[in-house]
Amino acid sequence: MSADLVHGGMFTVMVVRVDDPNDPEFESRLAEQIARSPTFFANAPVVMDLQHCTGAASADAFHGLRRMLKRQHLIAVGVQNANATQIRAAMNADLAAFAPANAGRRTESVEAAAPPPPRPAPAAPIIPLGGSARTKIITQPVRSGTQVYARGGDLIVLASVSPGAEVIADGHVHIYGALRGRAIAGAGGDTEARIFVGKLEAELLCVAGHYLVSEAIEADYIGRSVQVTLVDDRLTISGT
């Protein structure tokens with residue numbers, strides 16, 4: 001018997017907030033943010049958040065949005081927080097309809113000052129986790145291309161996280177070694193979550209959807225022991 005062709009997976013995808021698809025300044029603001037980290041955003045899949053959007057009610061509107069995003073080297077894959085009319089229009093434009101964001105969660109957008117979100121790790125192996133139901137502990141290094149997720153609790157990594165690896169927790173993330181990959185805390189929307197790192201060399205830091213890529217991390221913190229918190233909707237790095 002052949003193996004199943006469809007199986008579950010978990011990917012982190014950036015979100016573009018679309019408030020007014022007809023705003024002439026929308027694309028320029030988006031381009032300005034992407035220009036800060038063009039390599040990070042290159043050909044990244046994105047979901048359009050329509051929570052505050054009253055337009056985008058036809059397939060043609062979504063085709064136009066896809067073309068605009070493509071000009072910025074972003075690949076639209078779906079929508080979230082859409083109404084019934086928008087969902088029908090999006091599906092007619094071959095876009096997926098994602099479930100609404102978690103209640104109370106502030107999903108950070110690419111268009112805003114700080115989305116999304118981390119790049120997906122295709123076919124990444126998931127390391128088995130040990131520890132209690134609330135706290136997951138990893139004792140070995142997290143290798144490149146690997147994704148670790150502590151669902152519903154904290155994640156503790158007693159070793160280092162390699163470039164291209166991704167560690168995620170609904171609660172806090174503790175990394176005792178060097179962080180050279182991506183760390184995501186508060187994945188379920190917990191704005192009180194924190195990231196603790198023994199040696200900061202990260203590709204990306206993210207708390208509750210608010211993120212910093214490597215180019216945006218102040219040089220003074222590179223190589224240091226730090227903690228990362230969310231203060232007034234902005235990630236703040238401080239030494240420990």
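Computed over heavy atoms, backbone and side chain alike; hydrogens, waters and symmetry mates excluded. All residue numbers refer to positions in the sequence shown, counting from 1.
With a 4.5 Å cut-off on side-chain heavy atoms, Leu95 and Arg66 count as touching. You'll find the side chain of Ile184 stays beyond 4.5 Å of the side chain of Val167, heavy atoms only. Using a 4.5 Å heavy-atom threshold, the side chains of Glu166 and Tyr149 count as separate. By the 4.5 Å heavy-atom criterion applied to side chains, Ile138 and Ile156 are not counted as neighbours. Under the 4.5 Å side-chain criterion, counting only non-hydrogen atoms from C-beta, Leu69 is not in contact with Ile75. Counting only heavy atoms from C-beta outward, the side chains of Ile237 and Asp220 never approach each other to under 4.5 Å. Thr229 has its side chain out of reach of Ile195: every pair of non-hydrogen atoms, C-beta onward, lies at least 4.5 Å apart. Residues Thr236 and Leu230 fail the side-chain proximity criterion, which asks for heavy atoms closer than 4.5 Å.
Atom-to-atom distance recorded for Asp19:CG and Leu50:CG is 9.5 Å, nearest 0.5 angstrom. Atom NE2 of His63 is separated from atom CG of Asp60 by 6.5 Å, given to the nearest 0.5 angstrom. Atoms CG and CD, from Leu204 and Glu215 in turn, are 10.0 Å apart once rounded to the nearest 0.5 Å. To the nearest 0.5 Å, atoms CG (Leu30) and CG (Leu74) are separated by 6.0 Å. To the nearest 0.5 Å, atoms CG (Leu155) and OG1 (Thr135) are separated by 9.5 Å. The OG atom of Ser162 lies 10.0 Å from the CG atom of Leu179; values are rounded to the nearest 0.5 Å.
Distance alone, capped at 3.5 Å, places no donor-acceptor pair between the Asp49 side chain and the Arg17 backbone. Between the side chain of Ser160 and the main chain of Pro141, no donor-acceptor pair closer than 3.5 Å is present.
Met68 and Val79 fall within a single hydrophobic cluster, where Ile, Leu, Val, Met, Phe, Trp and Tyr are joined by side-chain heavy atoms under 4.5 Å apart, directly or via other members. Ile34 and Phe26 fall within a single hydrophobic cluster, where Ile, Leu, Val, Met, Phe, Trp and Tyr are joined by side-chain heavy atoms under 4.5 Å apart, directly or via other members. Under the 4.5 Å side-chain heavy-atom criterion for grouping Ile, Leu, Val, Met, Phe, Trp and Tyr, Phe196 is not connected to Ile222 through any hydrophobic cluster. Note: the hydrophobic cluster containing Leu235 also contains Leu200 (ILVMFWY, side chain heavy atoms under 4.5 Å, direct or indirect links). Under the 4.5 Å side-chain contact rule for hydrophobic residues, Val207 and Tyr221 share a cluster.
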For side-chain contact (heavy atoms from CB on, under 4.5 Å), just list the numbers for Leu205 and Ile217, CA-CA rounded to whole Å, side-chain angles, deciding distance to a tenth of an Å, and then say yes or no. CA-CA 9 Å; Leu205 300 167; Ile217 298 173; 3.9 Å; yes
Assess the residue pair Asp170 and Asp190 against the criterion (side-chain contact (heavy atoms from CB on, under 4.5 Å)); give the C-alpha distance rounded to whole Å, side-chain angles, the decisive distance to 0.1 Å, and a yes or no. CA-CA 7 Å; Asp170 287 341; Asp190 182 2; over 6 Å; no
Evaluate side-chain contact (heavy atoms from CB on, under 4.5 Å) for Arg234 paired with Asp232, printing each intermediate quantity in order. CA-CA 6 Å; Arg234 291 186 178 275; Asp232 295 330; 5.7 Å; no
Under the side-chain contact (heavy atoms from CB on, under 4.5 Å) criterion, do Gln72 and Glu27 qualify, and how do the steps go? CA-CA 8 Å; Gln72 300 305 323; Glu27 184 171 3; 3.0 Å; yes
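Residues Gln86 and Asn81 share a closest heavy-atom pair of OE1-O, 4.5 Å. Closest non-hydrogen pair, Ala202 versus Ser214, comes out as O-CB, 3.3 Å. Of all the heavy atoms in Ser144 and Gly164, the pair that sits closest is OG-CA, 4.0 Å. In plain terms, the two heavy atoms of Ala159 and Ile175 that are nearest each other are O-CG2, 3.7 Å. Across all their heavy atoms, Pro21 and Cys53 have their closest contact at CD-SG, 3.7 Å. Shown here for Phe98 and Gly78, the closest heavy-atom pair between the two residues is CE1-CA, 3.8 Å.
Put simply, the residue from His174, His172, Gln227 that forms a side chain to side chain donor-acceptor pair (under 3.5 Å) with Arg194 is Gln227.
Salt-bridge check for Glu201 with Lys199: passed, with a basic side-chain N closer than 4.0 Å to an acidic carboxylate O. A salt bridge between Glu203 and Arg180 is absent, with no side-chain N of the basic residue lying under 4.0 Å from a carboxylate O of the acidic one.
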